[in-house]
Every structure is written in C-alpha cells, then in structure tokens.
Amino acid sequence: MRYGETGFNLEIDLSRGSVERVETDPGLTELYLGGLGTSTKILWDRVPPETDPFSPDNLLIFSTGLLCGTPAIGCNRTIVSTFSPQTLLMAYSMMGGFWAPELKYAGYDKVIFRGKSPNLVYVWIHNDKVEIRDASHLRGKGAGETAELVREELKEPRAQVAAIGLAGENRVYFASIEQGRSSASRLGIGAVMGDKGIKAIAVRGTKDINIAKPDEFMKLCNEVLKYIEAREKKPIPGVMPILAGLGSPQEMKLIDEEWHTTNFMWGNSRTRRKDFWTKEIEQKWTQTQESVRKRLISCYNCPMKCGATISVPGISTYMMKCFSKLTYTMAAYSDLDFGFTIAQRATEYGVDAFSAPQVMAFALELYEAGILTDQDMPGMPSDSEGRFFWLLDKIVRREGIGDVLANGSYWAAQQIGKGAEAYAHNNIKKHEQLPLKLGMLNPVYFLMYSTGEKINITQIEGQFPQSPFPTIEEREDFCKDWIRVPDEKFKQYLMDWEFRGEHSNPYYPTVQMSCEIVDWQEKMHYIDDALGTCAGLSSFPLKPPYHIHNYPAFISSATGIDMDEAKLTQAARRTRTLLRAVNLRRGLTRADEKPPEDHWKKRFPELEAKLLDEYYKFKGWDNQGVPTKESLHELNLDYVSEDLEQRGIIKNEQS
Ligand code: SF4
C-alpha cells in the first residue's frame, strides 16, 4: 500500500487522445519526495533539451505535492511544470485553492500531458473515469466563466476546475492558469496549456488517502493549527505589515499600503512616489476596498483566509489575493478602484498580474519616448486607465502591437528595436520581476535574484529577516524563540547585523554567511514545493509553523518513509541540483545569473563576482555554475553527470 501519495499518475496524450493510469516508482518518492521533485525528474528524463516549449514533445505536468490532501494544514498546492516560452528554461508555478487535493481524492498524484490536441478540449477526471471532451463552445470564454460552464455541463458543482482564458488560448507568454481561488501565473505556463489545446481540467474525487501513522500525524497537524492561532495573535514587531503575520501577504485584509506605494516603483519600474500615501488616500482606499471586498476566503484546509471575493458593480465577481490589487494601480499611476476593475478583466483573460501591467507600462514608456508611435497604437485612448484596458485587449487577442507585446517585455524589445531594449530593464532571465529599485546592494538578495531557478523572488526569500532590527533588544527578542534556525549560528548573524558601519550591507552578512542564508531559504522552498505546502505557512514568512525540524516527522508519519533532517536536506539539494542541470542543458550560463541592471543603485562588481563564485562552490558547482561530478555523485545523480559530460557541459578538466 502507498501512503501519503496515491502511487498513480495519469498520462494523457492529446495528439492520440489516449489516457493511461500508470503506477509510479516508490523509490523515486524516497529520492525526490513528490511535487516539484518528481516532476523535475520526469522533465529531465522525457523532454530532450532541444524541445521548443510549443512542441508536442514538451510535457505539461499538473502535480500534487506529497502531503496534499492529507490533514496537514495548508498542503494544497498544485505545482504546474513545463518549459517556458518566455525564458526557454524550466517553468514551475504553483496554485493554491482546492485542485490538488481533489486530484489526490480522484486517485492520482500527477496529470502528465504530452502531444497537442487538434481541437480545443477540456479534460474531465472523475475518479477512475477520465474523458477528453470537446471545448469548442468554450473558445474565447473567460477562465472563471469557463469553470462555471464546465461545472454546469458536467452537473457537478463540486468539480474543481483549472482553466485558461483568451490569453492562454492565444499563447500569450505571460498567460496564467486560473482556478477560482488561486492561479498559477508565472513563466507562461498558461500559454503551454493553450498550445496543447486544453481549455480546462475539471476534477472530482471521492477516494481516501492512506496515512502511515495516523495518530502521530494528526497530533502534528493539531500542533501546527494551534501554533498558527497563537502566532496570529502575536505579530512580529518592527517589520513591515506584510511580514508581521503568516500566510500569503494579507493584502485583502490590509488597507495600509504606505510601504508598498512608497517603496515599490510605479510605472514600468520607473519612479518612486514617496509622497503618495496621505490621510485622504488612506480614507479613499479604505472605502474602495471595503466596498468591493465581499468575503475573505481560504484555500483547502487552511484557516488563513488570504484571498477575497471581489465584486465591482457591473462586472462579475472574482477572486483576488496578494499584491495584485496594486500591480495594475501602480503601473498605470492610477487609483485602487481602477486596480480592482481591470484585475477582473485580466483574471478572466488569464494573465500574470506581475508581468501584464509591467508590459503595458513598458509599451507606454516606449510610446512616450517615440519608439512606438500612433501608427503602432491606432485608436488608443488618451488617458492612462483607458490605455491600459486598450492594451490588455490587444495583447490577449494578439492584435496589432499586442501581438508583439504578448511575448513579454524582453522579446518585444528585441522585436521593436530602436533602443527599446533599454526599457526592458526589470527582467531576470527574460522574465519581468517585482518593480523595485533599491539603494545599497543586499548580498543575500543578490544571490537569490541571480541564481534562483524559479526566477521569482517571492519563491526564494523568507526565514531570515529582510533587514536588520535597529536595537539589540529587538534582535534578542526576535532570536529568543527562533527555533526554526537550522543552526544556532544564524542567530548570531542576525544579532550582529547593523544598518551602518562594518556590519552592514553590502559586506555583511559576509559572503560565507550569505551563501548559508540563501541555501537555508532555498532549501525550505524546495521542500514546500515537493510536499505541496503553501509557502505562506512555511518558507515565506518569519517564524512559520513548518520548518526543517518538524518536517521530517510529518513526512515519516504520513508516508512511512524513514526521514530525518539530513535526508530531507539531501532530497531538497537533489531536486535543486537536478533543476539546475535541466536548465544548463537548455543553455543557462553564468552570464544569465544577474539581477535587473538598475535594481540597486550601488553595485559592487568584485563583491558580486565573489558572491557568485563562493555560492557556486558552496553548492558543489564549478565557477560556471555547473555541478561537479563529485557533488552529483553524492546526490545519486550520476546519470546527470554522464549526460552533462557527454554534452560538454561538464568539462573534462573537472573530471
Ligand atoms: S496561507 Fe493563505 S494562500 Fe496559503 S494555503 Fe492558507 S489561505 Fe491559501
């Protein structure tokens, strides 16, 4: 019997219209856990590196995490992985909500799509019955609208539906997959779903999941629940509001946006508006938010209620969470009511709320600079809000200039030329980032931005505070119950960290400390993404309920796998290294490992080179970021070593 996982994947070949239920190898669960870990292994094994993201040979994998659907609080992530049309590297993007637990209850750990359907289809998974159904009547429909229509058609109101909108159908490089209570948005995975001809995947499951040691497991789950309740009553003092509590940043509850509006850039990562937040704005935004926010909502088996249903008069209700209420607002130099209004349309179209507004602001910057002209933008309204709606419609339909912009700011700039490249200034590995421009280089963030395989900072950071606490008392207070540290030395790193002087950025944390901090943070994210735990309860916030010391017991009692901290650390390293190898095979080089050019005002080329050198060494990689044969051997990745050697990526002198 398999515990925690179902032990079966669904293999769907869209070209042939075939469906297979395939038993998986429990040995791979021991090595890679599940979720992102086993999906990375499948992509390594089955997608040759020359494969174009829009080739029928590319796979699109919807995976549950190893603990999804069990009573472990907040273990509900669907991990979607494939190859990104935007970065051309491996993409993995996660969504919360209810989809992954439902898939587990239907009896599957993953759904693996290959091939391409000649017609638009949707997939209906109802326990053992799996159908590929015609979706021609859903063409052009919004993602939320599609989910409703599918549920009605199936007469199954409890089906969980993941769907794409027009953007995915038209292969917009920043198209998302929407799922009612969440979305998987980054790196263009919705475009791959559209390319494969899948409009939606509906799931309903009624089976059980086996737990190896139920009493022990339930005790741990109850401890987590109790801790969440206690932690919520005790926000961390001295940090910005979104980092004080747990969960995905509580943007639907919070009204105070002084920190975001003051510190993040407006437009296409263009300017900071330090004087924007006033008493009047606060009152106005409070009124706006309270009038459209109908209900706070949670994902499966979580008390946190990070999302909300939003209802703007005259348009249909939708779900929002996190920072998206501000991404459109700030990109357009506009107001919160505009942000809530355009986000509804964007959600139905299915676009990433980080990339889409930035691409539109980028286009308007090019227009102001005369690089794009009226000829490129015929009929565009004169006001900023009208222009955003106009551009959004053009992009998702790939009409006129929208066809160019639909490829994201990096590729659009290449196509437009005439100096447009200089305006695509907020990308890492060809992908739009949060619009930040900061003063002094932060060595920890430099490493995370440069080397993260997720190419998205919020999926790397967490655990270690973002900046020092001003007083010794505050530091002591923070450290006294900081049991999550993998080693006591991290407390000292924090105790000694100052705003100014010898122990401040960029030379403190030191290079060695920075490597250790990044390694710890990254490890926690890789574990979460394998288990399907929401980062909002683990790797993202300070002092979360899940950590390296209690995770092994969760895994052992749920799955029966004999797990300890060292083995779990090794499993996370294995997946992290394998993912790097997947990307190296697809052409990733050291030259790609850099933050956006103007992310920090004060840069330190020598220090940055040293940070990269030492971090690579720390990871067991050579100075080009390629894992050494020895480190691959230690991680049971000899098959990777052989492949990289054959391709000349591991150089002979390294052997
Ligand atoms: S913490 Fe928030 S985002 Fe995470 S599972 Fe809970 S409700 Fe969902």
Side-chain angles (χ1 to χ4, degrees), residues 9-22 46-47 51-63 78 80-83 85 91 93 95 99-100 102-103 106-108 110-172 175-180 183-184 188-205 348-350 396-398:
N9 289 342
L10 259 186
E11 294 268 359
I12 300 182
D13 188 322
L14 294 152
S15 302
R16 294 164 50 191
S18 65
V19 177
E20 262 180 291
R21 178 173 174 263
V22 178
R46 292 172 48 183
V47 184
T51 309
D52 186 89
F54 292 143
S55 156
D57 296 333
N58 187 13
L59 299 181
L60 176 66
I61 307 175
F62 284 71
S63 182
T78 306
V80 189
S81 41
T82 186
F83 288 99
S93 190
M95 54 189 173
W99 199 91
E102 199 72 35
L103 185 70
Y108 312 101
K110 295 185 199 290
V111 187
I112 304 169
F113 291 102
R114 62 180 185 271
K116 275 191 203 197
S117 168
N119 310 307
L120 195 64
V121 294
Y122 76 90
V123 177
W124 171 218
I125 302 167
H126 189 189
N127 293 328
D128 297 338
K129 196 171 147 207
V130 181
E131 291 172 63
I132 302 174
R133 301 172 68 128
D134 175 54
S136 50
H137 56 301
L138 300 171
R139 187 176 293 284
K141 303 279 187 216
E145 190 186 3
T146 297
E148 279 314 309
L149 290 168
V150 166
R151 281 192 202 100
E152 271 171 34
E153 190 170 306
L154 297 171
K155 299 191 178 43
E156 184 45 90
R158 286 166 300 181
Q160 299 299 330
V161 183
I164 55 167
L166 202 49
E169 282 181 44
N170 288 332
R171 307 197 309 182
V172 172
S176 61
I177 299 171
E178 300 286 331
Q179 189 241 128
S183 65
I189 55 173
V192 176
M193 184 158 159
D195 180 64
K196 297 214 167 292
I198 313 164
K199 179 71 180 172
I201 313 165
V203 190
R204 174 77 183 127
E348 282 297 316
Y349 283 151
V396 299
R397 292 189 167 79
R398 281 192 173 272

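Residue numbers run from 1 in the order of the sequence given. Just so it is clear, the model here is predicted, and its values are computed rather than measured.
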Does V172 offer a backbone N or O that forms a donor-acceptor pair with the side chain of N170 under 3.5 Å? no
Ignoring hydrogens, what is the shortest heavy-atom contact between G205 and N127? Give both atom names and the distance. CA-OD1, 3.2 Å
What closest approach, in Å, do Y122 and A135 show between heavy atoms, and which atom pair accounts for it? N-CB, 3.7 Å
Compile the donor-acceptor pairs under 3.5 Å between side chains in residues 154-164 and protein atoms, sequence neighbours left out, one pair per line.
residue, atom, partner, partner atom, Å
E156, OE2, R158, N, 3.2

With a 3.5 Å distance limit and no angle check, can you tell me whether S15 reaches the backbone of K116 through a side-chain donor-acceptor pair? yes
Any heavy-atom pair between the side chains of P85 and V192 that's under 4.5 Å? yes
Closest non-hydrogen atoms of M193 and I177, given as atom of the first, atom of the second and distance, are SD-CD1, 3.7 Å
Under 3.5 Å donor-acceptor, D13 side chain and G115 backbone: no
Output for pair (F83 CZ, L59 CG), nearest 0.5 Å, gives 8.0 Å
Between G350 and A167 the two heavy atoms that sit nearest each other are O-CB, 3.3 Å
Is T78 reaching over with its side chain to a backbone N or O of A100, donor-acceptor style, under 3.5 angstrom? yes
State the OG1-CG distance between T51 and D57, to the nearest 0.5 angstrom. 5.5 Å
Just so I know, are the side chains of V22 and I112 near enough to count as touching, which here means a heavy-atom distance under 4.5 Å? no
If only atom types and distance count, is the side chain of R398 paired as donor or acceptor with the main-chain N or O of R171 below 3.5 Å? yes
Rounding to 0.5 Å, atoms CD1 (I132) and OG (S18) come to a distance of 7.0 Å
Between F62 and F113, how do the two ring planes meet: parallel, tilted or perpendicular, split at 30° and 60°? perpendicular
Strictly by ring-ring contact (aromatic ring centres under 6.0 Å, His included), give each pair with a member in residues 125-162 just once, sequence neighbours left out. W124-H126
Is there a side-chain hydrogen bond (donor to acceptor under 3.5 Å, both in side chains) between T82 and N58? Walk through the geometry before answering. CA-CA 7 Å; T82 186; N58 187 13; 2.9 Å; yes
Looking only at heavy atoms, what is the nearest atom pair of Y108 and D128, with distance? OH-CA, 3.7 Å
To the nearest 0.5 Å, how far apart are CD1 in I125 and CD1 in I12? 5.5 Å
Search all heavy atoms of I189 against all heavy atoms of A184 and return the closest pair with its distance. CD1-CB, 3.4 Å
Do K199 and R139 come within less than 4.5 Å of each other through their side chains, counting heavy atoms only? no
Would you say E178's side chain and E348's backbone share a donor-acceptor pair under 3.5 angstrom? no
Could you give the distance from CD1 (I201) to CG (L103), rounded to the nearest 0.5 Å? 9.0 Å
Donor-acceptor list for residues 141-150 side chains, cut-off 3.5 Å, not counting sequence neighbours:
residue, atom, partner, partner atom, Å
E145, OE1, G142, N, 3.1
T146, OG1, G142, O, 2.7
E148, OE2, R151, NH1, 2.9

Starting at NZ of K110, measure out to OG of S81 and round the result to the nearest 0.5 Å. 7.0 Å
